[in-house]
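Numbers for residues simply follow the sequence, beginning at 1. Whatever order the structure lists them in is the order used to number ligands and atoms, beginning at 1.
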Amino acid sequence: MSYDKTLREDLAARLTAGGHLQSTRWRQALLDVPRHEFLQGGFFRRVDATGPTGWEPVMPDEPAWLPACYTDESLVTQIAGTIVPSDIRGQILRQPTSSSTLPGLVVRMLEDLQVEDGSRVLEIGTGTGYSTALLCHRLGEENVTSIEVDEDVSTRARRALATVGHAPNLVVGDGLDGYSEGGLYDRIVATCGVLDIPPAWLAQTRPGGRILATVCGWMYSSELARLTVDGDGAARGRLLGGQISFMLARPHLPPPLGMLPDVNEGEERRAVIGADALDDWTTRFVAQLAAPRTQRIQIPRDDDTRHVFLDVDAGSWAALHRDGEHWTVRQGGPDRLWNRIEDHLTHWRQAGAPGLEQFEIIATPDKQTVTWPRKHP
Ligand SMILES: C[S@@+](CC[C@H](N)C(=O)[O-])C[C@H]1O[C@@H](n2cnc3c(N)ncnc32)[C@H](O)[C@@H]1O
């Protein structure tokens, strides 16, 4: 057996043992689709250092490259919207903008998508094309449409897909608009995160069809959601759990922070809940539901840290700091951000702080609602 096939066998065994890979059909797809063909342009490896994250290229002529293609890790393939591994000597300190998602998450999502033979699937975020290839293997390329916002990324994916013998419908555009020319889909799956389920996805999924996407916020807690579309233009479902995170769809990225508020202004009070509560993933997710377009930054100050929460567009802010045993909050702008977050967290705690996999999500063209089960006396 060739070396890369052995690596794929090993990966499939690990993903099966980890519970990500469950069905024989997806196992066969994982064994037959060579991930390394989608990483021929190399990838960026994180450089361990304190301070901002650095990235260095790993190219196919390096011994580390092939085994890395079969680890259960996300491999970054583009940085700062244009930079690919062959552009760089040394390190780069900018943000990743495209990657090959870790195979464990790819197959978990494919299993969660609950496809059947002949299901027509729209994928948002083609990336390297690896997950697109797995879909083609399982469903046939005629049933797969994949949208990528970045033309160069899409071109590279098309090339890699052709190498492994697939030619699905690849579209360059904003996946948040879906692709209405493709008619109604049985499934929509997003491999980039969204703040809310776009109305176009609701309109382009057949009644009874499913949408699988990671719902995010700008405090960077997120969770995978699976919704079933009803016949009235809405969809409802559950969060699936697992602390899933994805790079955000580009139109949903937060605005630059710009000028920070003067945290000596505003109204001050003792906080009921401290900023440290949001170090916990679930608590942060619930806080984010109350303030989805709020960003969080930490500003070191003397021997203290200010935790600043800022809704740039609305101009509202809250700044918290620890005051001995307690937390103090100052708030300014048109809205009292921290009051909103505290109220939401208090209700959730009073309901027994249920886990995210118990949350329900309802999306309509106008609104998204995420709720937790009420506690029964
Ligand atoms: C995590 S990567 C996708 C991984 C991919 N499924 C794979 O297996 O290689 C996310 C991709 O979503 C793309 N993306 C971001 N915003 C998008 C949007 N609005 N529409 C379509 N694609 C988008 C990014 O350019 C990036 O290539």
Under the side chain to side chain donor-acceptor pair (under 3.5 Å) test, residues paired with Arg226 that sit two or more places apart:
none

Take Leu212 and Leu240 through the side-chain contact (heavy atoms from CB on, under 4.5 Å) test and state the conclusion after the steps.
CA-CA 10 Å; Leu212 186 70; Leu240 300 184; 3.8 Å; yes

Check whether the side chains of Ser180 and Gln204 place a donor and an acceptor atom closer than 3.5 Å, and report yes or no.
no

Anything under 3.5 Å between an N or O on ligand 1 and a protein N or O? List each pair with its distance, or write none.
residue: ligand 1; atom: 6 (N); partner: Gly125; partner atom: O; Å: 3.2
residue: ligand 1; atom: 6 (N); partner: Ser131; partner atom: OG; Å: 2.7
residue: ligand 1; atom: 6 (N); partner: Thr191; partner atom: OG1; Å: 3.1
residue: ligand 1; atom: 8 (O); partner: Ser131; partner atom: N; Å: 3.3
residue: ligand 1; atom: 8 (O); partner: Ser131; partner atom: OG; Å: 3.1
residue: ligand 1; atom: 9 (O); partner: Ser99; partner atom: O; Å: 3.2
residue: ligand 1; atom: 9 (O); partner: Thr128; partner atom: N; Å: 3.1
residue: ligand 1; atom: 9 (O); partner: Thr128; partner atom: OG1; Å: 2.6
residue: ligand 1; atom: 16 (N); partner: Arg250; partner atom: N; Å: 2.9
residue: ligand 1; atom: 19 (N); partner: Asp174; partner atom: OD1; Å: 2.9
residue: ligand 1; atom: 20 (N); partner: Gly175; partner atom: N; Å: 2.8
residue: ligand 1; atom: 22 (N); partner: Val149; partner atom: N; Å: 3.2
residue: ligand 1; atom: 25 (O); partner: Glu148; partner atom: OE2; Å: 2.6
residue: ligand 1; atom: 25 (O); partner: Arg250; partner atom: NH2; Å: 3.1
residue: ligand 1; atom: 27 (O); partner: Ser98; partner atom: OG; Å: 2.7
residue: ligand 1; atom: 27 (O); partner: Glu148; partner atom: OE1; Å: 2.8
residue: ligand 1; atom: 27 (O); partner: Glu148; partner atom: OE2; Å: 3.4

Ignoring hydrogens and angles, state whether a donor on the side chain of Asn339 or Arg269 is under 3.5 Å from an acceptor on the partner side chain.
yes

Parallel, tilted or perpendicular, as decided by the 30° and 60° cut-offs, for the rings of Trp372 and Phe359
tilted

Could you go through the ring pair (Phe, Tyr, Trp, His ring centres under 6.0 Å) check for Phe309 and Trp317 one step at a time?
CA-CA 5 Å; Phe309 297 82; Trp317 58 271; over 10 Å; no

